[in-house]
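Both ligands and their constituent atoms are indexed starting at 1 by order of listing.
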Amino acid sequence: GCGSVLNVNGEVEMDASIMSGKDLSSGAVSAVRCIANPIKLARLVMEKTPHCFLTDRGAAEFAAAMGVREVPREQLVTERSRKRLEKEKHCKSAPKPEPQKHLGTVGAVALDSKGDVAYATSTGGIVNKMVGRVGDSPCIGSGGYADNDIGAISTTGHGESILKVNLARLTLFHVEQGKTLEEAAEVSLGYMKSKLKGLGGVILVNKAGDWAVKWTSESMPWAAAQAGKLHCGIDLNATSITDLDLL
Ligand SMILES: NC(=O)C[C@H](N)C(=O)O
């Protein structure tokens, strides 16, 4: 919530979704305002309603009914995000189908000790977006997907491109067809780039504990924890590996 990118009116409007690979249960919210953690609201949609997706006013009413604390809208706006919006508004070049740099969509995938996979994706979207613009992040199959039989994936990047190719499900389709996680990510991100000039990134994990990270954007901050080791990086070909015990 706090520090999210701002829409054209200078407000924070957030999208989030979550899914369990065990039974495909899912929850999503879009265009939500004045809460600190939209992903928690998405989880409540998954666990406490018969639906998968709530938006705008209905999502706000549900949040209030669940006792989610309302945060005054100014509290979610930072100086940095205000400056970023100003910069974008004064930028003369036409909007490009590239993810704007370092804009903080947060995605996670996990495999637990029971062999269940899950994903969660949460975002403020893209800077200077229209009011009510919904991106890929809350859309199951675009912003993420999880199925124990295949794996879990969370995506980031240019939302309109990701939506058009259903990037998350497309990548897992390639896994189902026998590709490795890495190959599948490469093919689907390559498809999005060649079809739409859309750039983005993905993180994936499967039941065997294999994982992959891949991006076509300039950089993508990522981290993976496995077998006592923390792998992380931002730029291409620059991965660091640390012992988790040492942290
Ligand atoms: N930075 C991002 O990943 C933005 C997000 N995919 C959106 O378009 O809403």
Side-chain angles (χ1 to χ4, degrees), residues 1-19 26 28-33 35 37-39 41-42 53-56 59 76 78 80-81 83-85 87-88 91 94-109 119-145 152-171 185 188-189 191-193 195-204 213-223 233-235:
C2 183
S4 287
V5 299
L6 304 177
N7 67 15
V8 66
N9 287 350
E11 299 158 340
V12 168
E13 271 190 350
M14 300 161 291
D15 298 334
S17 65
I18 189 165
M19 184 172 194
S26 332
V29 292
S30 66
V32 291
R33 292 171 213 97
I35 58 168
N37 305 108
I39 196 66
L41 189 60
F53 202 151
L54 291 178
T55 190
D56 201 355
L76 298 178
T78 60
R80 187 165 173 252
S81 58
K83 284 201 178 125
R84 187 68 189 81
L85 176 63
K87 197 173 157 207
E88 194 66 29
C91 175
K96 291 180 225 126
E98 291 178 9
Q100 297 146 321
K101 273 179 96 187
H102 308 304
L103 291 182
T105 291
V106 181
V109 290
Y119 93 85
T121 307
S122 175
T123 190
I126 52 175
V127 183
N128 205 21
K129 65 184 182 180
M130 288 172 70
V131 174
R133 178 265 189 188
V134 174
D136 57 303
S137 305
C139 298
I140 292 144
S142 290
Y145 202 80
I153 174 168
S154 172
T155 69
T156 182
H158 183 245
E160 283 69 14
S161 301
I162 296 173
L163 278 167
K164 287 173 191 166
V165 304
N166 288 180
L167 185 63
R169 195 62 186 80
L170 177 66
T171 308
S188 62
L189 283 167
Y191 176 75
M192 188 167 90
K193 192 170 168 182
K195 268 291 210 224
L196 302 164
K197 298 195 177 71
L199 304 181
V202 296
I203 54 172
L204 298 94
V213 291
K214 206 101 231 152
W215 63 94
T216 45
S217 42
E218 213 177 290
S219 58
M220 182 176 85
W222 64 272
I234 298 179
D235 295 313

Can you check whether Arg33 reaches Leu76 side chain to side chain, under 4.5 Å on heavy atoms? no
The atoms of ligand 1 lying under 4.0 Å from a heavy atom of Gly157, numbered in the order shown, are 2 (C), 3 (O), 4 (C), 5 (C), 6 (N), 7 (C), 8 (O)
Is there a polar contact between ligand 1 and Thr156, counting only N or O atoms under 3.5 Å apart? yes
Polar proximity ligand 1 side, Gly159 side, N/O cut 3.5 Å exclusive: yes
At less than 4.0 angstrom from any non-hydrogen atom of Thr105, what atoms of ligand 1 do you find? 1 (N), 2 (C), 3 (O), 4 (C), 5 (C)
Donor on one side chain, acceptor on other, Ser30 and Thr55, under 3.5 Å: yes
For ligand 1, which part of Arg133 has a heavy atom less than 4.0 Å away: the side chain, the backbone, both, or neither? side chain
Quick one, Thr171 and Leu204 - any side-chain contact, counting heavy atoms below 4.5 Å? yes
Pairwise side-chain contact, Val8 with Val131, heavy-atom cut-off 4.5 Å (strictly under): yes
Charged N to carboxylate O below 4.0 Å: is that the case for Lys129 and Glu160? no
Going by the atom numbers of ligand 1, which of them fall below 4.0 Å from some non-hydrogen atom of Asp136? 5 (C), 6 (N), 7 (C), 8 (O), 9 (O)
If you measure only the distance, is there a donor-acceptor pair under 3.5 Å linking the side chains of Tyr145 and Thr155? no
Element-labelled atoms of ligand 1 that are located less than 4.0 Å from some non-hydrogen atom of Ile126: 8 (O)
